[in-house]
Novice: 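This is the structure, below, for whatever I ask next.
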2 protein chains.
Amino acid sequence: MEVKDKKKHILDSAEKLFAVKGFEASTVRDIADEAGVNLAMISYYFGSKDKMMESLFQERMINTKLKVQQLLSNEHIAPFGKVEIMLDDYIKKVIENQSFYKILLCEQVMKKNPEIIKMLRELKLEYAAMFTELVKEGQKKKIFKKNVDVVLALSTMTGIVTQIIINKEHYCEFNNLEGLADDDLKNYLHKKLLDHLKNIFKTILGYES
Amino acid sequence: MEVKDKKKHILDSAEKLFAVKGFEASTVRDIADEAGVNLAMISYYFGSKDKMMESLFQERMINTKLKVQQLLSNEHIAPFGKVEIMLDDYIKKVIENQSFYKILLCEQVMKKNPEIIKMLRELKLEYAAMFTELVKEGQKKKIFKKNVDVVLALSTMTGIVTQIIINKEHYCEFNNLEGLADDDLKNYLHKKLLDHLKNIFKTILGYES
DNA sequence: GGTTTTATCAAACAATTGTTTAGTTTTGCT
DNA sequence: AGCAAAACTAAACAATTGTTTGATAAAACC
């Protein structure tokens, strides 16, 4: 296997462990076992356990910004259409990378790794700035209301999706969805969340279809 | 100091540390130092570090169920009035106990302590059952729409509030609220969140005031 | 094909972990 | 006051932590 693939494979294994045990509780021996490599390889490849975590975040957050940028600059989509696509993309991404978004959530609480916190801060500011542009575009066309709290709106999107992912077991138990196959559940949740968030964003933006 | 007060004092100190460093990264020596007691006291009082965490959850989650129960059984409040009070109570509680709700969030992700997971599962099911009754009451009176996803609705409440608390610094930075005193910020966020959630719950429940 | 660089490994490293021990002080009760 | 129970402490405990070492194997290069 190539070195790059091996590094990725270790990151995948680490991600799996971090998501269920947390960063601190996952030992480098756990990670090495999960990945099937010698434990010295983690220091050898990444420098340290902390830096491996930073590599994981870099790896997973690439392209997040670019995609939104491309979407918003598209002239052929109406403002609320862009909102719908943004919601759809975000939901898809979280559902397909549940482990990482769980780690992300914990890291935002702990704020332990300054390097990661810095990355997240910049990404959030850029994201908020881009969404602000989108809202302004809608306001100029008189289809979005004035005085939209963009960070509150974005937090609404991330908060609801994250909460459902964390609460997945409880959601299934309460709604008798426990027999569903994993892919079916993903589809179900995606549909449910998208519909829910679309309605909420109509309210937030004062948009009437 | 009485034993009970001392136990509470240790729990307060532990809560503070857990919220910023996480459970695993907070050592019993950290906790003992923060509380100003000998590190052997933690095992002496609580049995172990894990059981201290369970004590913390028991201590903090007392009365949560009772309060909602009393609210919902009150005959003199209209259904959406109850929803408003429920939202207000929840927001208040999270804002006043930010540290605990951060720990709670991480614990839901990690699912490390089975005893705590059991407690949370039961509380969530009871909470969902109670809210279901409230929704039914509103539906019977034809003021709430049919087919309300109660767990999704509750996750909307918890998700948004939690996300804002986690993102507090970013929210303040983006909205130039960094000069605000802590109490003023709490009031501001409370007002903002309550207004936001009321509107969203109107949409969710199909309620028109 | 020989040599240098890279990759891999088992073992050892010092530091830190949660918990226990064994002894001392304080408290509560008669 | 006398004594048993509870509260408290410093020191020691074994186990586990992330990282480094020194040696060997593989790969790359000329």
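Protein chains get the first letters and strands the later ones, always in sequence-line order, with residue 1 at the start of each.
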Novice: Rounded to the nearest angstrom, tell me the gap between atom CE in A/Met41 and atom P in D/dT21.
Specialist: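 Those two atoms, CE and P, are 14 Å apart.
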Novice: Distance-only criterion, 3.5 Å: show the donor-acceptor pairs between side-chain atoms of residues 96-106 of chain A and protein atoms not counting sequence neighbours.
Specialist:
residue: A/Asn97; atom: ND2; partner: A/Lys93; partner atom: O; Å: 2.8
residue: A/Gln98; atom: OE1; partner: A/Lys168; partner atom: NZ; Å: 2.9
residue: A/Gln98; atom: NE2; partner: A/Ile95; partner atom: O; Å: 3.2

Novice: Do A/Val83 and A/Phe80 have side chains that get closer than 4.5 Å, going by heavy atoms?
Specialist: yes
Novice: Which part of the nucleic acid, if any, lies within reach of B/Phe46 when heavy atoms closer than 4.0 Å are counted: base, sugar-phosphate only, or nothing?
Specialist: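 The answer is nothing, as B/Phe46 stays clear of every strand by at least 4.0 Å.
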Novice: Partners of B/Glu15 by side chain to side chain donor-acceptor pair (under 3.5 Å), sequence neighbours excluded?
Specialist: B/Arg60
Novice: Any pair with a residue in residues 150-163 of chain A that passes side chain to side chain donor-acceptor pair (under 3.5 Å), sequence neighbours left out, goes on the list, sorted by first then second residue, please.
Specialist: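 Listed by first then second residue: A/Thr156-B/His196, A/Thr158-B/Gln163, A/Gln163-B/Thr158.
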Novice: Is there any side chain to side chain donor-acceptor pair (under 3.5 Å) pair reaching into residues 41-54 of chain B, and which pairs are they, with sequence neighbours excluded?
Specialist: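 Qualifying pairs, neighbours excluded: B/Glu54-B/Asn113.
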Novice: Can you tell me the distance, in whole Å, between the CG atom of A/Asp33 and the C1' atom of C/dC9?
Specialist: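 My rounded result for the distance is 14 Å.
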Novice: Taking NZ from B/Lys6 and P from C/dT26, how many angstroms apart are they, rounded to a whole number?
Specialist: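 About 12 Å, once rounded to whole Å.
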Novice: What does nucleotides 10-25 of chain C look like as a protein-contact string, B for base, S for sugar-phosphate only, - for none, at under 4.0 angstrom between heavy atoms?
Specialist: B-B----BBBB-----
Novice: If the condition is ring pair (Phe, Tyr, Trp, His ring centres under 6.0 Å), which residues does B/Phe18 pass it with, not counting sequence neighbours?
Specialist: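 Listed in chain order: B/Phe23.
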